[in-house]
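Chain A is the first sequence line, chain B the second, and so forth, proteins listed ahead of strands; every chain is numbered from 1.
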There are 2 protein chains.
Amino acid sequence: MLNAIADLSGHSRAEIAARTGLTKATVSSLVDRMIGANLVVEGAAAVRTGPGRRGTALFLAPDGPHGLGVEIGVDYLATCLIDLTGEVRARWIQSADNRVLSPARVLSRVTKAVRTALAEADRMGVRVGGMGVAVPGLVESATGILRVAPNLGWREVDVRGELRRRADLDDIPVLVGNEANFAALAELWQGTGPRDFVHVSGEIGIGAGIVVDGGLFEGVSGFGGEIGHVMVDPRGPECACGARGCLERLAGQEEIYRQAGVLDDRAPEELITDLLDRLAHRDRRSVAATRSAARWLGIALSGVVNLLDLPTVVLGGTYARLAPWLWEPLRDELAQRVVSSTWSPVEVTASTLGSEAAVRGAAGSAVRAILADPDPYVTAALA
Amino acid sequence: MLNAIADLSGHSRAEIAARTGLTKATVSSLVDRMIGANLVVEGAAAVRTGPGRRGTALFLAPDGPHGLGVEIGVDYLATCLIDLTGEVRARWIQSADNRVLSPARVLSRVTKAVRTALAEADRMGVRVGGMGVAVPGLVESATGILRVAPNLGWREVDVRGELRRRADLDDIPVLVGNEANFAALAELWQGTGPRDFVHVSGEIGIGAGIVVDGGLFEGVSGFGGEIGHVMVDPRGPECACGARGCLERLAGQEEIYRQAGVLDDRAPEELITDLLDRLAHRDRRSVAATRSAARWLGIALSGVVNLLDLPTVVLGGTYARLAPWLWEPLRDELAQRVVSSTWSPVEVTASTLGSEAAVRGAAGSAVRAILADPDPYVTAALA
DNA sequence: CCAATAAGTTTGATGCCTAAACTTATAGCG
DNA sequence: CGCTATAAGTTTAGGCATCAAACTTATTGG
């Protein structure tokens, strides 16, 4: 169903009809059904100037089905519950070094977190209509199996199956996906940004989410967006993956910290704060380290943009926080290397969602799935 | 309409129904209309074992609408006429150094070639249902305007508009596109190859056509697939585009010829023959030059494959002819650098279409457009 | 209070597709 | 040879989403 119409929130039936090309009659009958299923609610009559009856504003139901987002990060677990409008209604974060725990242990903690969230949803009196799980690795989209998560040390873990088995999720659909992809989607759904962009998340690894025409580009098996091991310097240092001069090795967090001279065994948040502090004080090494990373990033991204013809680059994760120091060299590289940049320069922006992007994207995917095709939810709600 | 069904040529209505999930009734009525519009013909009853009535085989009509393909190459003009089945029914090639002629002069020659082809179609008693024009440059898909063709020295040429004006094309739809993209489509439609791949054409420039799920990935404005100026060596030689270490500069035809020591002002075909000859005799410099290009190509392609999660790389243009000498280093680089290659290695194949790929793709696009949505053609045919 | 204007609903029609029954064509078997 | 099983293709009736157009309701401005 074309319920994606309803995300032009606050508009009247007539306006939606005009926008979508459907007739008022069609929109009316569709909207009636959506109201019946508690996906849409009517609001106050909209203000309009001039003569004529005022339309009744339509909104996605804030007490309709909610989406549960889960993120298995390298050093934390996060969950959140959002409503149809994308508003976050509850959230939990706990730090945990998931590298040192076995997948089974981590999954049992995740299960506990999911149970907590489901109980909270119950207490709030809302249904959970779907669930998204973000993981820092390559997920096969068809099966939901995590093939490999290098920075977690996992291989071949059936995350969806395990969660289904451990938590009692019965009929709740579960989507498993890459964190960078979910983060890109969160960016897409947040505010009124562009519908075509590449979102680079610099966390422990570097991942990209490619959004084309308002949809995620996932590739054939769902492994798309792996930008971390794109080569940027054939004579560069060796990377953990075995190759030389990978982007992740040259522009990843760790390398920035190392070159800036802040790298030690402090907590991640302390490291980045330290770096930002030094940058604010114009510390030579820190500025040089950041600019160097920006240049490598620009080289890799110019390839991406040339290949995919994307008008916008969005910096996410740690890169968003470093954005003021990345912009200049990044834009330089893009301007120089992107073939089409002479008549339409590539725009570079920073994400506003910070480290929460991936969980929110995961939760958002769940509600978007309902909006894109409400029938399964509607029939499930009746049962 | 789901006429794309009919490209499972030679099957019966019942088989098509089974394949597509539609009912026999629906397929029957659809097929009737297609036969009425001369897009489909019935063939001899198919051979079947076992009891039961035999189905009547269905074929795309060989005398249905034809597609006209035009290629404005850097040093030649080519046209071809293909029928709905993709069979080439007529072809013309003329060499011409289009670099030294003004766009107006070239377009007037193209017009003449188009008129010849249209006259031939008339003589054959077939309608031309659409036309595709392949150009070696960046074409804005919305407008059909050629923004820039570096190797031709053109900028901002309204190829579609000019051809419309010069030849009397009245109502024939004209598609203008990048040659590499058309070549990739030709590869897709040829035989039973994969539905997801990246096709690299090494001609004067290097271009890529990205095919995902049986469709071309064009990007937002149609500039997708620009791989020629992806950086592969930050300390590499300067390229004509102003940047350093572009793939085209390091793995393009010219560089291979230069390193092999065959580069002079002979005709393109002589140069490549010379190189192939030397390779066949295991000439040291030629082998080294080719292998070096293969390695750079592998580096660039591994980035593409990581980013887009494509299972197959197809070598086209000059690279297809050099394939035996490119394979090994290319596969090495891909195996080492592609993250997902441990459990699903990237396949590398060579195109069989040679230099004809782009024209055929252009012509094919025209007929595919009719098959994808026959209504405009059907109504036009009635008028 | 009435004309003009616009939102939303009702009604009947249309077009695409389906299910199920029916017709046609073929193989195998007694 | 004719009967039965099987399968292709057609006919028919009906479902369902959408549409066009008329109608009802609500609101402004003279």
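- The CG atom of B:Leu30 sits 15 Å away from the P atom of D:dG9 (whole-angstrom rounding).
- Taking atom NE2 of A:His11 as the reference point, atom C1' of C:dG8 lies 17 Å away to the nearest angstrom.
- The phosphate of D:dC19 has OP1 or OP2 within less than 4.0 Å of a side-chain N or O from A:Thr26.
- The residues A:Glu87 and A:Arg360 are annotated as not salt-bridged, no charged nitrogen and carboxylate oxygen being separated by less than 4.0 angstrom.
- The CD1 atom of A:Ile16 sits 12 Å away from the P atom of C:dA7 (whole-angstrom rounding).
- Considering only heavy atoms from C-beta on, B:Leu371 comes within 4.5 Å of B:Leu60 through its side chain.
- At a threshold of 4.5 Å between non-hydrogen side-chain atoms, the residues A:Val133 and A:Leu163 count as touching.
- Distance CD (B:Glu15) to P (D:dA7): 13 Å, rounded to an integer number of Å.
- Electrostatic pairing of B:Lys24 and B:Glu15 does not count as a salt bridge here, judged by no charged N lying under 4.0 Å from a carboxylate O.
- A close approach under 4.0 Å does occur between a side-chain nitrogen or oxygen of A:Ser12 and OP1 or OP2 of C:dG8.
- Residues B:Val220 and A:Leu308 form no side-chain contact, since every pair of their non-hydrogen atoms from C-beta on lies 4.5 Å or further apart.
- Whole-Å rounding puts the A:Arg33 CZ to C:dT9 P distance at 15 Å.
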Going through the distances and angles, do A:Glu140 and A:Arg160 end up as a salt bridge (charged side-chain N to carboxylate O under 4.0 Å, His left out)?
-> CA-CA 11 Å; A:Glu140 197 169 67; A:Arg160 173 158 58 188; over 6 Å; no
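- Distance check: B:Thr312 OG1 to B:Asp196 CG gives 7.5 Å after rounding to the nearest 0.5 Å.
- Partners of B:Phe197 under the ring pair (Phe, Tyr, Trp, His ring centres under 6.0 Å) rule, at least two apart in sequence or in another chain, do not exist in this structure.
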Return the polar atom pairs (N/O with N/O) between nucleotides 10-13 of chain D and the protein under 3.5 Å, or none.
residue: D:dT10; atom: OP2; partner: B:Ser28; partner atom: OG; Å: 2.2

Could you pull out the protein-nucleic contacts involving nucleotides 27-29 of chain C (nitrogen or oxygen on both sides, under 3.5 Å)?
residue: C:dA27; atom: OP1; partner: B:Arg54; partner atom: NH2; Å: 2.6

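- One can place CG of B:Leu22 at 15 Å from P of D:dG9, the figure rounded to the nearest angstrom.
- The shortest distance between side-chain heavy atoms of A:Val212 and B:Phe217 falls below 4.5 Å.
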